[in-house]
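Reading through the structure tokens given below for one structure.
These numbers were taken from a predicted model, which means no experiment stands behind them. Letters go in sequence order (proteins before strands), and every chain restarts at 1.
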There are 2 protein chains.
Amino acid sequence: MAQTEENENQEKEAQILDAACSEFLAHGKNGTRMQGIADRAGVNKALVFYYFHSKDLIFQAVVDRNFRMLIETMTMNVDFTAPAESIIRQFTHNHIGVIAKNRELFQFFSGEIWMNPEELINGISVSLKKQTKAVYSGFEARIAAAVQKHEIRSIQPLQLLLNIVSLDVFYFIAAPIIFSLTGTSAAEQKRIAQKREDEVADFIWNAIKYEGGNGI
Amino acid sequence: MAQTEENENQEKEAQILDAACSEFLAHGKNGTRMQGIADRAGVNKALVFYYFHSKDLIFQAVVDRNFRMLIETMTMNVDFTAPAESIIRQFTHNHIGVIAKNRELFQFFSGEIWMNPEELINGISVSLKKQTKAVYSGFEARIAAAVQKHEIRSIQPLQLLLNIVSLDVFYFIAAPIIFSLTGTSAAEQKRIAQKREDEVADFIWNAIKYEGGNGI
DNA sequence: GTCTATAATTCGATAGAC
DNA sequence: GTCTATCGAATTATAGAC
């Protein structure tokens, strides 16, 4: 009996959080209404306050859950013992994959990064930061080694990381505007999107692969 | 007398629009208060409505003014008769220059693109669209010619444009988060920023320059 | 825990005096 | 054209019954 009640409670709380994710992702922090969250969760508005106390707090809960997922997926599953080209392709595949699957989420953060930069950065838990720094350290060491071994040309690891992330990610923010400004047809847009992952990976690899004695 | 009055009137209207730019850029559309605009302009709130009628309309006025400036600067002043490498460097220089000088403005649009995509895209005037399309046609033709002449390797012009814009622009959105996640010191951040323009131009050129008979 | 009802506030917008 | 005063709608948040 107690078990059943507990499950039901947890279930409603989870329903509310799920609904909050959908609403905040669709409308941003300012655009989301507590009533909208309640409606989507199928509960009374007061219950949202009962579980989450305020709009700020439920927003923070949404940010925590999703930002963690996004960062974890973008830093995970890269085998640093592989050849440099393979690492680049793994990164690009991971990034574009997770963003394409979570377009809304990603665009949400692109907006909120600018509206509440401190809130977002401070919201990153210490453990997640540590974990991400560890992955970056691996990347940095591997790139430095690749430069030394003439796998790739000389490049600063952090600049390379910025380049990779920019190419993987910015497409999902800017493509609508650029397609509109260049007058690109819907069919052409689709073709561009389908080829995007390979194009980006080729582009990065061409940019960094070692080409002999001239040093650059 | 009539002259003086007219000047004063125009002056107040201009003050209000200037104030609106600052407020919308700082707080976004939803975050901006009509009272805040009035305060910053040093006028009464009712006067803001007298000149601009509604929040939507003054927002549109702000978007029109700034978006036009941004797009014009980003597409201007590129000499398509120059060598391909020089064109790449001109583009990168223009983009990074205008964004660095208008960080706030640019980040504002990155946020609003997602909140109100139609409003932004529809807000682009027909003449500006035409002008931008013409520049893009020049770019497209020049890239196609460069491929044929073996100045650069084979690449779709639109993919290349997306790559250039991504590399030039995304740094200004993502750098804070990436620096935070990688634990980059302030001094190192400064060094990265100073070298960014050259790094990006080199990266792009290395990625596309022609390297002999293997075709890619 | 869950609901109804409502308080409290914020904010866009307008009426009307000058 | 510029101001004061205020309306009315929307929205967060809470009090209190069940």
Gap between atoms [atom1] and [atom2], on [X] and [N] respectively (whole Å):
{"X": "A/Lys55", "N": "D/dT11", "atom1": "NZ", "atom2": "C1'", "value": "8 Å"}
{"X": "B/Asn44", "N": "C/dA13", "atom1": "CG", "atom2": "P", "value": "15 Å"}
{"X": "A/Gln15", "N": "C/dG1", "atom1": "CD", "atom2": "P", "value": "15 Å"}
{"X": "A/Ile16", "N": "C/dT2", "atom1": "CD1", "atom2": "P", "value": "8 Å"}
{"X": "A/Phe52", "N": "D/dT12", "atom1": "CZ", "atom2": "P", "value": "16 Å"}

Practice item. Using only side-chain N and O atoms of A/Tyr51, determine if any of them is under 4.0 Å from OP1 or OP2 of C/dT2. Key: yes

Check your understanding: With respect to the phosphate group of C/dG1, does any side-chain polar atom (N or O) of A/Tyr50 fall under 4.0 Å of OP1 or OP2?
Key -> yes

Using atom types as modelled, flag every donor-acceptor pair under 3.5 Å from a side chain in residues 99-111 of chain A to any protein atom, sequence neighbours excluded.
{"residue": "A/Asn102", "atom": "ND2", "partner": "A/Val98", "partner atom": "O", "Å": "2.7"}
{"residue": "A/Gln107", "atom": "NE2", "partner": "A/Phe172", "partner atom": "O", "Å": "2.9"}
{"residue": "A/Ser110", "atom": "OG", "partner": "A/Phe106", "partner atom": "O", "Å": "3.0"}

Between [options], which nucleotide gets closest to the side-chain atoms of [X]?
{"X": "A/Leu47", "options": "C/dG12, C/dC3, D/dG1", "answer": "C/dC3"}
{"X": "A/Ala46", "options": "C/dC3, C/dA13, D/dA13", "answer": "C/dC3"}
{"X": "B/Lys45", "options": "C/dA13, D/dG1, C/dC3", "answer": "C/dA13"}
{"X": "A/Lys12", "options": "D/dT12, C/dT4, C/dT2", "answer": "C/dT2"}
{"X": "B/Phe49", "options": "C/dT14, D/dA13, D/dT2", "answer": "C/dT14"}

Would a 4.5 Å heavy-atom cut-off, applied to side chains only, mark [X] and [Y] as touching?
{"X": "B/Asp168", "Y": "B/Val200", "answer": "yes"}
{"X": "B/Asp79", "Y": "B/Ile87", "answer": "no"}
{"X": "A/Gln60", "Y": "A/Val63", "answer": "yes"}

Revision key, fill the gap. Per the under-4.0 Å heavy-atom filter, residues of residues 29-41 of chain B near DNA chain C come out as B/Thr32, B/Arg33, B/Met34

Point to revise | Contacts of A/Tyr136 that satisfy ring-ring contact (aromatic ring centres under 6.0 Å, His included) - sequence neighbours left out | key: none

Study note, to complete from the structure: Checking A/Thr73, A/Thr75, A/Val78 against A/Asn94 for side-chain contact (heavy atoms from CB on, under 4.5 Å), the one that qualifies is A/Val78

Review point. Does a side chain donor of either B/Arg68 or B/Ser127 reach within less than 3.5 Å of an acceptor in the other side chain?
Key: yes

